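Okay, so here's the structure we're looking at.
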Amino acid sequence: MASGTGSSPKPELAAALHRLRSTLARLKAELELAMVDGVAPPMERLLEDVRDALSDLAAVEDASHLRGSVLVVDDDARLAEITARGLRRIGFDADSSSTLRALRGQEVLVFDLSLLEGLDGAARREVRASRPIVLTGATDPASRALASSLDASDYLVKPIELNELASAINRRMAEG
């Protein structure tokens, strides 16, 4: 088994783990010095170290795919945000929108099929290239065919269960 300091098959994971370990060691040293000296620890420096550690942890999570970046696009902005909030609660880095925006690298698109007809050709190609997870209230064969034409990785009928969506996202992320 590879260690997290350089023999990892993912160099970006090893580097992120090293930065996290260094930041936590620095934080520990500051606290120990303050305790030995009998003085209050330098709060601003400690807060900066905690911020750095959280940032390093996010880099570790990204590199190890412990969390995934997800964009939920639904014609109902409130429903999109509720879905994204649920995904954030279970560990995904989820954003919501009622309109399509450019996807970030490796971001999984969860897309309401009803929005497709309002997209221009370039946006449709971007949706297709992303192999979206399609959400829809429609169960008719034409809607399934439309999702298939998008090369959708999953077709989920609303209302969806959050764990079902999370499983679909994890499957999509595993595809690369």
Side-chain angles (χ1 to χ4, degrees), residues 1-2 4 8-17 20 50-51 53-176:
M1 177 129 219
S8 170
K10 291 182 143 190
E12 66 275 7
L13 177 58
L17 283 168
L20 177 59
V50 169
R51 283 187 204 101
L54 289 171
S55 175
D56 293 340
L57 179 59
V60 168
E61 290 172 330
D62 287 343
S64 64
H65 301 293
L66 290 176
R67 68 177 186 165
S69 183
V70 180
L71 174 61
V72 179
V73 180
D74 197 298
D75 63 343
D76 181 336
R78 186 168 179 262
L79 181 57
E81 178 52 31
I82 289 168
T83 303
R85 189 176 306 144
L87 290 171
R88 287 190 295 269
R89 236 187 351 250
I90 59 175
F92 291 98
D93 178 13
D95 193 12
S96 67
S97 179
S98 58
T99 59
L100 186 64
R101 65 157 168 74
L103 296 173
R104 299 181 301 216
Q106 302 299 314
E107 189 169 41
V108 174
L109 177 61
V110 176
F111 187 75
D112 181 353
L113 193 59
S114 69
L115 292 169
L116 189 61
E117 64 187 48
L119 299 179
D120 65 18
R124 282 177 183 245
R125 284 188 294 279
E126 183 177 347
V127 169
R128 186 175 197 285
S130 75
R131 298 207 55 244
I133 296 168
V134 168
L135 301 181
T136 183
T139 59
D140 59 284
S143 294
R144 287 191 181 274
L146 187 55
S148 181
S149 76
L150 290 175
D151 200 19
S153 61
D154 267 284
Y155 183 90
L156 303 176
V157 178
K158 297 177 187 179
I160 54 124
E161 293 292 325
L162 196 56
N163 60 351
E164 182 182 12
L165 178 55
S167 293
I169 293 167
N170 286 327
R171 282 191 301 275
R172 178 63 190 93
M173 287 172 43
E175 293 174 3

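The structure displayed is predicted, hence computed values, not measured ones.
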Under the side-chain contact (heavy atoms from CB on, under 4.5 Å) test, residues paired with Arg131 that sit two or more places apart: Asp151, Ser153, Arg172, Glu175
Asp76: partners by salt bridge (Lys or Arg N to Asp or Glu O under 4.0 Å), with sequence neighbours left out: none
For Arg104, salt bridge (Lys or Arg N to Asp or Glu O under 4.0 Å) partners two or more places apart: Asp93, Glu107
Side-chain heavy atoms of Val73 within contact of Val110, under 4.5 Å: no
Minimum heavy-atom distance Glu117-Arg124, with the two atoms named: CA-NH2, 3.4 Å
Residue pair Leu135 / Ile160, side-chain heavy-atom distance below 4.5 Å: yes
Test side-chain contact (heavy atoms from CB on, under 4.5 Å) applied to Ser148 - qualifying residues, sequence neighbours left out: none
Closest contact, heavy atoms only, Ser114 versus Asp75: OG-OD2, 3.4 Å
For residues 82-89, which side-chain donor-acceptor pairs fall under 3.5 Å, sequence neighbours excluded?
residue	atom	partner	partner atom	Å
Thr83	OG1	Leu79	O	2.9
Arg88	NH1	Ala94	O	2.8
Arg88	NH2	Glu81	OE2	2.4

Partners meeting side-chain contact (heavy atoms from CB on, under 4.5 Å) with Leu54 (sequence neighbours left out): Val50
Point-to-point distance, once rounded to the nearest 0.5 Å, from CG of Leu100 to CG of Leu116: 10.0 Å
By side-chain hydrogen bond (donor to acceptor under 3.5 Å, both in side chains) - contacts of Ser143 (at least two apart): Asp140
Partner set under side-chain hydrogen bond (donor to acceptor under 3.5 Å, both in side chains) for Asn170, not counting sequence neighbours: none
Any Phe111 side-chain heavy atom under 4.5 Å of Val127 side chain: yes
For the student: nearest non-hydrogen atoms of Ala152 and Val134, plus distance: CB-CG2, 3.6 Å
Nearest-0.5 Å distance that lies between atom CZ in Arg144 and atom CG in Leu113: 11.0 Å
Considering all heavy atoms, the nearest Ser98-Ala77 contact: CB-CB, 4.0 Å
Heavy-atom pair with the smallest gap, counting every atom of Val157 and Ala138: CG2-O, 4.3 Å
By side-chain hydrogen bond (donor to acceptor under 3.5 Å, both in side chains) - contacts of Asp120 (at least two apart): none
Set of side-chain hydrogen bond (donor to acceptor under 3.5 Å, both in side chains) partners for Arg51, sequence neighbours left out: Glu48
Gap between atom CG of Asp95 and atom CG of Leu103 - 0.5 Å precision: 10.5 Å
Salt bridge (charged side-chain N to carboxylate O under 4.0 Å, His left out) pairs, two or more places apart, involving residues 154-166: Asp74-Lys158, Asp112-Lys158, Asp154-Arg171
Asp56 side, atom CG; Leu17 side, atom CG - distance, nearest 0.5 Å: 9.5 Å
Rounded distance (nearest 0.5 Å) linking atom CD1 of Ile90 with atom CD1 of Ile169: 7.0 Å
Atom pair CG (Leu150) and OG (Ser130), whose distance is rounded to the nearest 0.5 Å: 8.0 Å
